[in-house]
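Here the structure is laid out as structure tokens; the discussion comes afterwards.
Chain identifiers are assigned alphabetically (A, B, ...) following the order of the sequence lines, protein sequences preceding nucleic acid strands; residue numbering begins at 1 within each chain.
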Number of protein chains: 4
Amino acid sequence: MRKLALLLLVLFPCLFKTTNVQAEVLQTPATEPAGSVNGRWVLSADFYGTPLDLVLRLQRDGEKLAGDLDGSKLEGTAQGNAIHFCVAQYRAGKVEGSGTIQGAAMTGTVIYTESSSPEHPTTLPFTAKLVQQRSGPPQRHEFVPTTFYRQFSAGYSPVLTVSAGDTIHTTTVDAGGKDEKGATRSMGGNPETGPFYVESALPGDTLVVHIVRLRLNRDWAISDDSIVDRGMDSDLAVKMKDSGKDVRWHLDIQRGVATPEKPSEHLARYSVPVKPMLGCVAVATRGAAPGTGDSGYYGGNMDFNEIIEGATVYLPVSVPGALLYVGDGHAVEGDGELTGNALETSMDVEFTVDVISGKSVPEPRVESATHIMAMGLNGSIDDAFREATSNMAQWLTDDYKLTPSEVAQVLGTSAEYKVSEVADRNAGVVLKIRKELLQPLK
Amino acid sequence: MRKLALLLLVLFPCLFKTTNVQAEVLQTPATEPAGSVNGRWVLSADFYGTPLDLVLRLQRDGEKLAGDLDGSKLEGTAQGNAIHFCVAQYRAGKVEGSGTIQGAAMTGTVIYTESSSPEHPTTLPFTAKLVQQRSGPPQRHEFVPTTFYRQFSAGYSPVLTVSAGDTIHTTTVDAGGKDEKGATRSMGGNPETGPFYVESALPGDTLVVHIVRLRLNRDWAISDDSIVDRGMDSDLAVKMKDSGKDVRWHLDIQRGVATPEKPSEHLARYSVPVKPMLGCVAVATRGAAPGTGDSGYYGGNMDFNEIIEGATVYLPVSVPGALLYVGDGHAVEGDGELTGNALETSMDVEFTVDVISGKSVPEPRVESATHIMAMGLNGSIDDAFREATSNMAQWLTDDYKLTPSEVAQVLGTSAEYKVSEVADRNAGVVLKIRKELLQPLK
Amino acid sequence: MRKLALLLLVLFPCLFKTTNVQAEVLQTPATEPAGSVNGRWVLSADFYGTPLDLVLRLQRDGEKLAGDLDGSKLEGTAQGNAIHFCVAQYRAGKVEGSGTIQGAAMTGTVIYTESSSPEHPTTLPFTAKLVQQRSGPPQRHEFVPTTFYRQFSAGYSPVLTVSAGDTIHTTTVDAGGKDEKGATRSMGGNPETGPFYVESALPGDTLVVHIVRLRLNRDWAISDDSIVDRGMDSDLAVKMKDSGKDVRWHLDIQRGVATPEKPSEHLARYSVPVKPMLGCVAVATRGAAPGTGDSGYYGGNMDFNEIIEGATVYLPVSVPGALLYVGDGHAVEGDGELTGNALETSMDVEFTVDVISGKSVPEPRVESATHIMAMGLNGSIDDAFREATSNMAQWLTDDYKLTPSEVAQVLGTSAEYKVSEVADRNAGVVLKIRKELLQPLK
Amino acid sequence: MRKLALLLLVLFPCLFKTTNVQAEVLQTPATEPAGSVNGRWVLSADFYGTPLDLVLRLQRDGEKLAGDLDGSKLEGTAQGNAIHFCVAQYRAGKVEGSGTIQGAAMTGTVIYTESSSPEHPTTLPFTAKLVQQRSGPPQRHEFVPTTFYRQFSAGYSPVLTVSAGDTIHTTTVDAGGKDEKGATRSMGGNPETGPFYVESALPGDTLVVHIVRLRLNRDWAISDDSIVDRGMDSDLAVKMKDSGKDVRWHLDIQRGVATPEKPSEHLARYSVPVKPMLGCVAVATRGAAPGTGDSGYYGGNMDFNEIIEGATVYLPVSVPGALLYVGDGHAVEGDGELTGNALETSMDVEFTVDVISGKSVPEPRVESATHIMAMGLNGSIDDAFREATSNMAQWLTDDYKLTPSEVAQVLGTSAEYKVSEVADRNAGVVLKIRKELLQPLK
């Protein structure tokens, strides 16, 4: 059977990346006083052993209720603490629900009836919470990590809860689990700092991560001298057959350059400027949790060397709170992380989180001072290329209102394609467009 | 950073698929009386929050100990209940260990020292169990599933523990979670029956699953009328743009044919012979658990339409007990599962499990009455093709002692390549060789 | 700039594979007496140095002319020997033409006016010939080749002209240019027998090649012991690094088996049944001529091991007479021709040619007693897979009138995908369907 | 059978890209007086209908001859005008030859004996010419093209013969065959200016093309609004289904910007800076001539948007004189030529040609003021990526003497990968390295 995604989509669209409700509509809900019906609720239910989170948006007008469930329009009534609603078209069927509100909490029941088997409705009790937004000014959090996780899982307890607009200052260990002092803190494989729970982030939203500061905090990195399979034809594979040993690099933080600690003959004078980046930025996924070596729509181990200080990353939220992970710092990485390990090192990092409500992105996007960048992450470079193009076409359609014909004309004259990742299960391609070209289109 | 696998490999090779110790050596250990040192022990330890299972094989001769740790040779001493051992070459370093035995249990400590940082040894307390093999005759187990899992996880408790040689008779629900009566038993996405714990299966072994019987147990299946992305060029994508609806098929169990329940005009007389198969056969993985829509070295959602009654599947064991999952029955599936959903239905299944100790396979292999078949599962058909070829080359080298030149000559004249899977994240290619061609080589 | 094809398509659609005129309409024109207007004419003209062949179909009714130019509808008038016609929609513009008929010949002028530059019409003088169809019964031709060509070129003079329905008996040399006696007859690289000119075959038609008989005519073949790049991952490439030597096989024509002449140790008892096939069946292309190691819509070096005695091959005609080439016989070939050279040998071959007028195929198709088979030939196995699927979808649409939804349902339950070729620039995938499944749909 | 290349390689290595003789050795031969034996000779022979060109390098010392044939060492004798030589290891056999010299010409015979069939030697009469190098200073040629070719063929007569070091100033028509005045000069499909014969360029050498000047010479370009197949997943294909129309752009040469002539609503203010480039730079190939829409080791329709004024292109010579073609100018092209047609226009171009004797490149390379760039051109982006990496690894090995381990370390920290071409049969990937990083390694 095909990917889980398809069946889930039929039943519970909220788990997925796109919604069919206008972003503008959903951005309006402001914080409501406790006890109010109005706002976005997260309904939690159990579907034969699988936990679900549905997003219910309600707007009361007298005894009438409007809104949507995971983006599908609902109608309903409210009387005192009791509400009742009906979603006529909920993908492959319909939903009826009723609940009782107490402050910012609700309990109730939804009944899902597939069109194809109206005789077998499924009844699910739920509990729900009204999504709160922070009232005060943005805060800055100092966070010192003690545990490090190796899956982008929704199952780990958040290490910190923050609000949209807040800033977090923390550190990451290197890909092998060693910290700024060289002490082992975790098994290797890109152990992550996090997860951070972002208060108002819901499935269907976009999490915005702006990297304010990203600095080296030790003077060495570990790498190797092999080339990954995706980079080698048969000839090169035979030539590289004896490579594969670790190579330790010295990081001169003052001068901002990296050099091999014990260079072999021809590299005695080789040095490269450092360009610190985060290999991993991710939100938690629904269902099976990806290992921290994997990447996908949730971001993850993208190993894109333009996720640097000053960059902004956009990721689609899959679970309440988004559950942000960061890790896998590289002092410098050639495109694609051809050696499998870039210059792996620990990192000092500060970033701001924000949420775009009710609007999702199909795959990760990145923005720098000069470019917008759409990523494609898939099982071959060819398929990643297609996805990057599709991701950017969607971006130009949504934000610049371009028609398909116009999308082609703009891409045909402005596209910059870069291969960002070849070292892991998914390859990565990035389609970049210079912002100054798009500026007149806004 | 590159896939988790690489780093893990450096530290703890036992988690991985291949070992460098001869299979013959390891197949010998028979069941020992409790209290004996001799045999295979599973050591469980915690590495900075990550659970580890190491396989320790011991053979006592007076006060001397021989054997290996995850396939790396050890030397040691035994005095009464106390043992001490040393592994001089344990991948990137060395290991020293000591333990105290009580019956079939042991507690102790291993110290791992990386060659590159001898000043920072890591000390890990462990507990261990002596691996037992069943003494009596093979048994047949009736198992009625009540819960169904949607990840090939090592984290779920086994639903049944069996011995090598035993037979299990059970049922599976369809990919959408519906059972033989049409009742919903799980959320969709290939919910699995299992996991079954196979007593003597250890990391580094091969699990053998022989399908004794595989039968339809209801008279309908669900499928659809779309074509997955890997099957469509732009032209076909445009033609198929309005497809994607469910199609329900009638299964005539008596006559052994499937027909659309409400065929459209040109399919009024269309029928296909059923050929019941299991889409999923898997062992649990270490680390992040794949969702049940995914496939890989552990098997999983392979959707290969020759995994039918009479077939034997070989999978590499990653965790103690192997933890076998089965599910996703198809009444019939064209090669590749082009529609994303084959004829999805519940199934009555009986299979025998066995273990090949100390010998692993790089990726799944299948055997029928007429063919040996090596699978490749990877992110593109091209890469799956390479893997299938490499898997078969290894098979011919190991079991038929062929040289590289001979491998090429045999494949060049006997290879049959089939595309087995295009519907999921990994594509699948199967390289088949007719057994009668290989018979004279043995 | 993109492939030549696109621009050509705009100007001169007749050169390409598909036409938008119903096959039925075009199949009717029967042979006309010389001097008649009626029938299909091939117009030859020169477009700034590039030779063109346009297909003009005319039907006279009094002074009115109907018909089409390369499938685009025309209107016109006829007075005595003089005709005048107008094609209002000829792709990116319009065409006006006039001619004077003398027997089965015509001279005249066409004027092409692009819609985008009406001020720059292009005037092309032409000569034309009325296409004749043979009146007598089918003939059998004995052909003894003396020269062998190494390009599927429209530029070589036909070695023999035959009519639709005729049979040709001839021989082919092996891929290295050696004949049945071992004598060198050509440089290597799949030298071909042909080209054969088939009288009534025109651009837009389908050439049908039915292999009546295909037999070995010597007792040895040459092959090698390497594996091509598409079949090797890095591991296998390193293992195979010292392979690449020639291997000579003995062909026991009596017993029908092949064995290595000087087998190495483990292959002492290895033998495979022979299954003689033609690696190359091709029609000439327009424009740049492919080398005889290449494949594509025109067929060519497909290396598909089911092009055997009894098979029928369908190819799209690109030039008047089709210009059929055959060569590159293999005594036996494992799927994909993994070793780069199969068991290369000379061959005795007899085949019948036929023409399906006015109906084209997008890529090669093959038919056996049991299956219809659609090929995809492209730069990766993934892309070849897409093309094979698209080719078969078109076949089911055209010949079985299936809707897109029905195409998916049939493919989802009946598809058999085989990797046919990995040794050359284009990979090949074949999608097969058992004919007995389709029988009830007709 | 596998690509022609393999067999040819066995017989006649001179036709191919690499030689095993040190470049230094071959660079020395200076021009010799007519009548001398010393220097490089091009031997022309006919091998069963296929023309051959062999490169014979001779150095006379008394009566002894040294040198090589296509890079394979020879020994021989010279007496008066008569020479005799023997090549003990000429790939799959040996060669004996003898000739008589008259001035700069020679006639004679070579006998090739395959090791596997010593009883069947092949005798080939030849004529030969001593390769002359220009004695005077470099010249600048004004060339006004009158015919335009649509194949990178060795079969067309050179339009101009120049010497290494010379400069040519000429013009190119656009991809559709229209010149700077808008007049049609050729059928479309990248008609080329050339071929130019470069006096001392021989098979096994590298042709160096330095673009001195590349300027627009008209104020419009033609493009379109579709996206090529390699850029579209199914979703995007459906969205783009109605696109495909021509789009004409205005080129403001003064301001250096391009704008759509009749922009649709959202592109009213869209403009892009022009960056004139040549889509095609090619040398002729041996054997089947590629169409001018194709690319490969010979360069061709690479559509790489950094082949601009100031860039230097390196191509491997396959035939005497190299036979250089240029064409397919683009006013501007986004990476990959995603729309199939970039901004196609005519061009004013001036370039210098040079030859690196006895040293070949495996695939095209480009150099700019800041970067060295290795191209990979193959049937998928994945395979093009592998080739680009292999091409650059070779470059670093040859010119910087790096070991495989060092190659990996440099690429892992400096690689910049760009997707250069997705519009044609071969995809293109370029691996760039900043020259300032490599500077200290020299």
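- Interatomic distance, C:E265 CD to B:K401 NZ, rounded to the nearest 0.5 Å: 12.0 Å.
- B:W249 has its side chain within reach of C:T413: a pair of non-hydrogen atoms, C-beta onward, lies under 4.5 Å apart.
- The closest side-chain heavy-atom distance from B:Q409 to C:V247 is below 4.5 Å.
- Between the side chain of B:D382 and the main chain of C:D382, a donor-acceptor pair closer than 3.5 Å is present.
- Heavy-atom pairs under 4.5 Å with chain B were tallied for C:T403, C:V429, C:V332, C:V422; the largest tally goes to C:V422.
- Annotation for B:P404 and C:M240: closest pair O-CE, 3.4 Å, computed over non-hydrogen atoms.
- B:T389 places a side-chain heavy atom less than 4.5 Å from the side chain of C:L338.
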Exercise for review: Under the side chain to side chain contact (heavy atoms under 4.5 Å, CB included) rule, what do C:L411 and B:T339 come out as? Steps first, then yes or no, please.
Suggested key: CA-CA 8 Å; C:L411 291 181; B:T339 37; over 6 Å; no
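- Per-residue heavy-atom pair counts under 4.5 Å with chain C were compared for B:A331, B:P260, B:G376, B:G334, and the maximum is reached by B:G334.
- At a 4.5 Å heavy-atom cutoff, the contact between C:L343 and chain B is made by side-chain atoms alone.
- Of all heavy-atom pairs spanning C:D229 and B:R386, the tightest one is O-NE, 3.9 Å.
- Neither the backbone nor the side chain of B:K275 comes within less than 4.5 Å of any heavy atom of chain C.
- With respect to chain C, the highest number of heavy-atom pairs below 4.5 Å among B:R434, B:E406, B:K239 belongs to B:E406.
- Proximity to chain B is absent for every atom of C:P263, based on heavy atoms less than 4.5 angstrom apart.
- Between B:R269 and C:P440, the shortest heavy-atom distance links the atoms NH1-O, 3.1 Å.
- At a 4.5 Å heavy-atom cutoff, B:S223 makes no contact with chain C through either its backbone or its side chain.
- Contact check for B:L402 versus C:L267: side-chain heavy atoms found under the 4.5 Å cut-off.
- The candidate from C:D335, C:L438, C:D242 with the greatest count of non-hydrogen atom pairs under 4.5 Å with chain B is C:D335.
- Residue B:R255 qualifies as open at atom CZ: its count of foreign heavy atoms under 6.0 Å is 12 or below.
- You'll find the side chain of B:S405 reaches within 4.5 Å of the side chain of C:K245, heavy atoms only.
- Here the shortest heavy-atom pairing between B:I227 and C:A408 reads CG1-CB, 4.0 Å.
- Considering all non-hydrogen atoms of both residues, C:Y270 and B:S414 come closest at OH-CB, 3.6 Å.
- Remark: the backbone N or O of C:G412 is not paired with any side-chain donor or acceptor of B:E333 at under 3.5 angstrom.
- Here the straight-line distance linking atom NZ of B:K418 with atom OH of C:Y417 works out to 12.5 Å at 0.5 Å rounding.
- Formation of a donor-acceptor pair under 3.5 Å by the C:D233 side chain with backbone atoms of B:E387 is not found in this model.
- Between chain C and the residues B:A388, B:S243, B:S380, the most heavy-atom pairs under 4.5 angstrom are made by B:S380.
- Atoms CG and OG, from C:L236 and B:S390 in turn, are 5.0 Å apart once rounded to the nearest 0.5 Å.
- If you measure heavy-atom distances from C:S271 to chain B, the contacts under 4.5 Å come from the backbone alone.
- Neither the backbone nor the side chain of B:V430 comes within contact range of chain C; no heavy atom of the residue lies under 4.5 Å from a heavy atom of that chain.
- Looking at B:H266 and C:L441, their side chains never come closer than 4.5 Å, going by heavy atoms from C-beta outward.
- When all heavy atoms are compared, the tightest approach of B:L437 to C:P273 is CD2-CD, 3.9 Å.
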